[in-house]
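When reading the values below, keep in mind they use all heavy atoms of this one structure, side chains included, and skip hydrogens, waters and symmetry mates. Throughout, protein chains are lettered first and strands after them, A, B, ... in sequence-line order, and every chain is numbered starting at 1.
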Amino acid sequence: MGRERSPRGEGSNVVDEELFTALYPSLRRFAAVVADIDMDPDDLVQDALMRALQGVDLSDVSQPGAYLKRVMVNVVASRRRRKGILRRITPKLASETSSIDSYPSDLAVLEQLAPIDRAVVFLIDVEGMPSGEAAELLGLTALATRKRASRARRRLRTVVDEHPPAIVTNPEGRQ
Amino acid sequence: MSIDELLERRAERGVPRGAARVWADSHGAEPSVESSGKRTSVTLFRLAVAVWILGFVAVGIFRSTSPQSNDAASGHSTQVSGDGSPDVVESDEPLPAPLLIDGGSLKRDRGGVSRPFDPDFDGDDLLDDLFPRSQTTPEVAELSPEQLTMVIFARPTEPFDGPIVGVELLDGGGFRPWGANVDDAALTDLTQQLERTNGEWSMAERSGLVEVARMEGDQFDSLRFGWQFDFQLGGNEEVTIQAETSRDDRVVDEWLWVARLAGQSQTNVAVRSIEVLGQDGIVIDRADGAGDSGVVWRSDGFVYRMTASTVEDNTAYGRDSTEDIDRLRIVERGEWLDAIAASSQTSIAQWGIGFAGLVIFVGSALSTVWFLVRRSFPPAALAGATVVAWVYLVASPIYWGTVALSAFGLGLAWLLHTRGRRATAGSTISG
């Protein structure tokens with residue numbers, strides 16, 4: 001998945017924007033899955049884009065979509081680590097009621113998985129990506145990817161079976 | 001609900017802001033400017049590295065080719081004390097031979113001052129004696145017996161340009177001959193023509209040589225005061241100038257140096273006449289052409305000797321000192337004292353630059369190690385190059401240039417390291 005190098009100067013910035021526009025739908029969906037439930041998916045996409053553009057031009061990257069997705073996973077993982085550290089430092093200040101409970105349960109069950117596990121399952125099961133390609137995108141080995149996917153499905157299955165997601169009814173009464 | 005449906009639902013959560021909005025938000029008000037600005041900064045960085053490299057090359061070239069300037073300042077004249085000691089008091093006695101060389105500056109590590117009556121006397125003591133402080137009078141050693149110790153034979157006219165035979169009289173009645181401007185065979189022949197009658201030495205008439213000089217007692221005992229300074233010329237050339245003066249009742253002249261050098265040399269020396277500062281002088285060379293020649297002349301009661309050398313790999317190699325005699329000049333005492341004082345002074349700026357250079361050197365070395373530990377290899381190479389360049393150019397005449405370039409290189413290394421860390425934010429999975 002390559003792209004020809006664009007000319008230097010203002011034009012390359014336009015190319016980067018066009019490239020991003022084409023990738024946006026996929027990036028947004030991926031961000032919605034990978035990001036924690038309390039994080040706006042577009043904020044994650046924006047954050048990853050800003051970090052990426054500090055070091056490279058998107059048009060110079062051979063697989064910009066995969067690159068940005070990798071950045072997103074790192075950002076969420078770092079954010080989780082910081083929140084975990086803060087929770088350990090100030091346990092008394094942490095709310096006993098998880099913020100997850102304030103969100104629809106069908107979306108909140110995915111919080112049981114780590115961001116990278118959500119990414120693996122989403123790419124393979126929803127996007128239909130081969131496990132090897134998903135491994136390359138996320139910087140994992142093929143074996144590790146398959147193991148993560150298997151473990152994630154098993155975990156989700158357990159959670160879903162024990163706590164089936166509630167059916168949300170919209171104001172019109174449709175599900 | 002299946003897992004796929006769950007994930008699909010998750011993927012559609014929220015209200016998309018749209019690609020254009022996210023792009024604009026990530027770039028702020030001027031996204032195109034930031035992108036081109038980033039590209040411009042990379043170009044500037046590369047240009048800075050190129051300038052840094054060229055700077056070090058220029059400093060290296062300057063180090064090997066640029067001459068020093070003689071910064072001897074003009075000063076006022078003062079006079080010496082009445083007892084002849086080089087103190088700053090009113091006196092009619094001649095001054096101790098102020099002499100400088102154009103294009104040369106006194107080295108801070110001065111060769112030292114020879115003061116036969118006080119072997120512990122050195123250049124710093126000379127400096128103390130020459131500036132207004134409490135007067136000191138050199139102690140005069142006891143005279144050795146006035147016995148004849150050296151007789152020198154040469155042509156009656158232009159003695160320095162013909163064969164010279166010296167006879168060093170040894171304790172116990174023996175003697176040791178030395179020659180100048182003669183080879184071993186000629187010296188042997190002339191030695192055989194020596195005659196001694198009633199304790200007086202003479203040379204056979206057929207030799208054409210007559211007694212031209214004699215020394216009594218220890219030749220070093222003849223000296224009252226002397227100094228020796230080293231001068232740094234351009235590049236790696238140096239000059240050493242000595243000046244010696246005698247006690248009131250003894251005379252020192254050029255023959256003193258001829259006798260010294262000829263007597264110390266393993267081969268016969270060569271002597272010839274030359275004019276120095278309008279005075280008659282001589283050039284003393286080793287006859288085997290190995291260099292290390294010296295120019296000796298007498299002026300105002302002092303006997304001067306100048307030698308020249310080239311320093312390579314911390315080793316001094318003798319060269320023809322006659323090349324530099326046109327650069328000699330007699331100066332006013334004040335100018336001479338200023339040059340001596342300046343050679344031993346270290347300005348605050350020099351101390352500061354020296355300290356800064358040391359800090360930068362240590363910082364560069366530690367940074368190199370740090371970059372290697374962090375696996376940031378290009379910055380490590382840049383910092384390591386700074387260390388190497390600093391070591392090579394630390395002795396540069398423009399030390400401040402070396403310090404500035406080293407600091408610049410270290411800054412570039414850290415800038416590169418910082419930019420690299422930001423750029424690799426998305427290259428690996430960390431969670």
Requested in this report: Evaluate whether atom CZ of B:R21 has more than 12 neighbouring non-hydrogen atoms of other residues, nucleotides or ligands under 6.0 angstrom away.
Outcome: no
Query - Heavy-atom closest contact (B:A11 atom, A:F122 atom, distance) - result: CB-CE1, 3.6 Å
Query raised in the report: Would you say B:W370 has more than 12 foreign heavy atoms packed within less than 6.0 Å of its CH2?
Result: no
Report summary line: Greatest number of non-hydrogen atom pairs under 4.5 angstrom with chain B, of A:V45, A:D36, A:L68, falls to A:D36
Report task. For residues A:Y24 and B:G18, report the shortest heavy-atom separation together with the two atoms involved. Result -> OH-N, 3.1 Å
**Report entry** Value rounded to 0.5 Å, distance of CD1 in B:I3 from CZ in A:R157
**Finding:** 4.5 Å
Report summary line: Minimal heavy-atom distance between A:R28 and B:G14, with the atoms involved, is NH2-C, 3.6 Å
Query raised in the report: Which region of A:A35, side chain (C-beta onward) or backbone (N, CA, C, O), has a non-hydrogen atom less than 4.5 Å from a non-hydrogen atom of chain B, or is it both or neither?
Result: both
Query - Qualifying residues under side chain to side chain contact (heavy atoms under 4.5 Å, CB included), relative to B:A383, sequence neighbours excluded - result: B:S367, B:T368, B:F371, B:A413
Query raised in the report: In terms of side-chain geometry, is the basic nitrogen of B:R13 or A:D40 positioned less than 4.0 Å from the acidic oxygen of its partner?
Result: no
Query raised in the report: Is the backbone of B:R17 close enough, under 3.5 Å, to the side chain of A:D42 for a donor and an acceptor to pair up by distance?
Result: yes
Query raised in the report: To the nearest 0.5 Å, how far apart are CE in A:M50 and CH2 in B:W23?
Result: 12.0 Å
Query raised in the report: What distance separates B:L6 CG from A:D125 CG, expressed to the nearest 0.5 Å?
Result: 11.5 Å
Query raised in the report: Are the side chain of B:R10 and the backbone of A:L110 linked by a donor-acceptor contact shorter than 3.5 Å?
Result: no
Query - Pairwise distance CG(A:L156) to CG(B:D4) - rounded to 0.5 angstrom - result: 10.0 Å
**Report entry** Listed partners of A:E136 passing side chain to side chain contact (heavy atoms under 4.5 Å, CB included), at least two apart
**Finding:** A:Q63
Requested in this report: Would you mind telling me which of A:D47, A:V33, A:L27 has the largest number of heavy-atom pairs within less than 4.5 Å of chain B?
Outcome: A:V33
Query raised in the report: In terms of heavy-atom proximity below 4.5 Å to chain B, should A:V121 be classed as side chain, backbone, both, or neither?
Result: both
Report summary line: Value for CZ (A:R51) from OG (B:S26), rounded to nearest 0.5 Å, stands at 13.0 Å
